[in-house]
Amino acid sequence: MYQYPKIGIRPIIDRRKLVKAETRHVVLGLANEVASFLSANLRYGNGKPVECVVADDAISGLPEAAKATEKFRREGVGVVVTVAAGWCYPLETMEMNAEWPHAVWGFNGTERPGAVYLAALHAAHNQKGLPAFKIYGREVQDMDDGSIPGDVQAKLLQFGKAALAAATMRGRSYLSIGSVSMGIAGCIVDDSFYQRYLGMKNAYVDMTEVTRRIDKGIYDPAEYERALAWTKASCPEGEDPNPEDMRIPREQKDRNWEFVVKTALIVRDLMVGNPKLAEMGFEEEAYGYNAIAAGFQGQREWTDRFPSADFLEAILTSSFDWNGIREPYIVATENDNLNGVTMLFNHLISHTAQVFADVRTYWSPEAVKRVTGETLEGAAANGILHLINSGPAALDGTGEQKIDGKPAMKPHWDIAPEEVDACLKATSWRPTYMDQFVGGGYSTDFLTKGGMPATMSRINLVEGLGPVLQIAEGFTVELPAHVHDKLDARTTPTWPTTWFAPNLVPGDPVFSDVYDVMEQWGSNHCAISYGHIGGELITLASILRIPVNMHNVPKERVFRPSAWGMFGTKDPEGADYRACAAYGPLYK
């Protein structure tokens, strides 16, 4: 069973005897308060509270620092938070494991100013090339105030979410099933990127492994029967969009349903293994590939012969299936692994299912008016982006889950059974267009509800630069039914659609106009996450040393290591590029 990384808490104290005696209880109290706060407000992907490990005693010098480091290694710590309430000796108390994302809270109190130690410690970190996140409360606290101010809480949570995402990826793998789809460069798996930036491994399986397992029955037959029955009862087949002379006969459609259910089981088993296979005599196949994310090539070598992978991609990336409500898997359409990694970033931060989509069309208010005769209003007034995938998308993307009565996509532990039913009922499984998918299969047809806060993001690789991340926060949009129908009919109406309006920023070179967001997008694909998580993505990118080339996140939610300010304060985007280049990938 996978062991999630823990957060190590380091209470730091002045080594002078009288000072140590006076302040030891204060810093230990703050450290334990931080541990309790983080455990109460952060969860792992399985829904359990994040575990924190507090050093055995306050750290005042090198021996205690070494003992804390050893304890953290023994306990499986992957993230570190240092807490200081007064002056300490930075070089003797600092943590130097460069692979542990590190934040330091210096207590803002004038009696024994932790801010002085905070500044000195960060100077040491910067001088030694060990970037750390600086947390300093805006308001002065009394020395006997053991609470965590709201602004400190916000930074602890933002750092904690991003740092745990980085630590959770370390040592896991991306499973590439197939190769490059239709000449899309995002499908090229760059081992160096995974190894040096993410600390991940790569695994490769040909798509014929899926057909081999189908032919030889290498899947749990009892689960298959249960999955097929659930699919027949819960996944209604929609109208066939093909002309009568191109439609697949009914008996073949039924066989296709059986086929796509088997492929879903098999791809999941390839990712994470299945002990049932060992009981059946397939010991090697039972292992899986320790994959935290995967991609399936599909087009066209697969889809020209076999039913499409739409069902497996949609069901696995959803928060539920025939086994009930569970954590979604990350599976990238067309093996676009760069979009798969982006989905992984988003999921590890938000714990929600992710929608894979084409960035299909920018619709200006003028174009919508010309085509439909209607005027865009509200969030859509300045134009919208048509985000639509070529067949599959997580069913959570329907927006049929609710938070405070409003459309949402929730972590699996918050989803109610009736919300699962609503997502399934809002989805129609349409036979694929035979001129594009000769092998048949079933596309995921739904329309995302409007009004959801959402973040659209994408990792791109650029020769001579490396990976860059782009982020656009905004809202999903619900158009009048006749407007949607008219616009949707101009593309492929059997595919899942999300209408999206990015938040605009007057005067911004990209985000002052929706068209410019489309114009500057770095690929044909994007990942869509529920919520405005752009701040956490920026923090994660800085941990991994990935620069952000465009974003519309407000200044107060941008949180990077303090060293980034040393690379320039008037041009934060340029400073980000310079800092990432200077420090290089996290796992170099």
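Just so we're clear, the structure is a prediction, and the values are computed from it rather than from any experiment. One is the number of the first residue; the rest follow in order along the sequence.
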Looking only at the side chains, is there a donor atom on one of [X] and [Y] sitting less than 3.5 Å from an acceptor on the other?
X: Thr497; Y: His386; result: yes
X: Glu327; Y: Asn46; result: no
X: Thr93; Y: Tyr117; result: yes
X: Tyr289; Y: Asp269; result: no
X: Glu313; Y: Thr333; result: yes
X: Glu334; Y: His525; result: yes
X: Ser542; Y: Arg560; result: no
X: Thr69; Y: Asn97; result: no
X: Gln297; Y: Ser179; result: no
X: Ser529; Y: Gln354; result: yes
X: Thr491; Y: Arg360; result: yes
X: Ser562; Y: His122; result: yes
X: Ser523; Y: Asn460; result: no

Is the [X] to [Y] ring centre distance short of 6.0 Å?
X: Phe559; Y: Phe133; answer: yes
X: His102; Y: His125; answer: yes
X: Tyr136; Y: Trp105; answer: no

Ignoring hydrogens and angles, tell me if any N or O in the side chain of [X] forms a donor-acceptor pair with the backbone of [Y] under 3.5 Å.
X: Lys588; Y: Tyr583; answer: yes
X: Asn290; Y: Arg172; answer: no
X: Thr448; Y: Gly399; answer: no
X: Thr342; Y: Ile459; answer: yes
X: Tyr2; Y: Thr168; answer: yes
X: Asp396; Y: Thr352; answer: no

Plane angle bin for His532 and Phe475 - parallel if under 30°, tilted between 30 and 60°, otherwise perpendicular: perpendicular
message: Check the orientation of His347 and His351. Use parallel for under 30°, tilted for 30 to 60°, and perpendicular for over 60°.
response: perpendicular
task: For Arg557, look at atom CZ and say whether over 12 heavy atoms of other residues, nucleotides or ligands are found less than 6.0 Å away.
output: yes
query: Quick check: are there more than 12 heavy atoms from other residues, nucleotides or ligands sitting under 6.0 Å from NZ of Lys71?
result: yes
query: With Tyr587, which of Arg170, Arg196, Gln195 fulfils side chain to side chain donor-acceptor pair (under 3.5 Å)?
result: Arg170
Check [X] against [Y] and note the closest heavy-atom contact, atom names and distance.
X: Leu395; Y: Ser318; answer: N-OG, 2.8 Å
X: Ser457; Y: Asn339; answer: O-OD1, 4.4 Å
X: Ile349; Y: Ala165; answer: CG1-CB, 4.3 Å
X: Pro547; Y: Pro467; answer: CD-O, 3.3 Å
X: Ile471; Y: Val553; answer: CG2-CG2, 4.5 Å
X: Thr444; Y: Pro496; answer: O-CD, 2.7 Å

- request: Could you walk me through whether Arg43 and Asp414 pass salt bridge (Lys or Arg N to Asp or Glu O under 4.0 Å), step by step?
  value: CA-CA 12 Å; Arg43 296 204 199 191; Asp414 283 336; 5.1 Å; no
query: Between Asp576 and Arg545, is there a salt bridge with N-O shorter than 4.0 Å?
result: no
query: Which residue, Thr455, Leu537, Ile533, forms the side chain to side chain contact (heavy atoms under 4.5 Å, CB included) with Glu473?
result: Thr455
- prompt: Would Asn274 and Tyr287 satisfy side chain to side chain donor-acceptor pair (under 3.5 Å), going step by step from the backbone distance to the final call?
  reply: CA-CA 7 Å; Asn274 186 345; Tyr287 293 148; over 6 Å; no
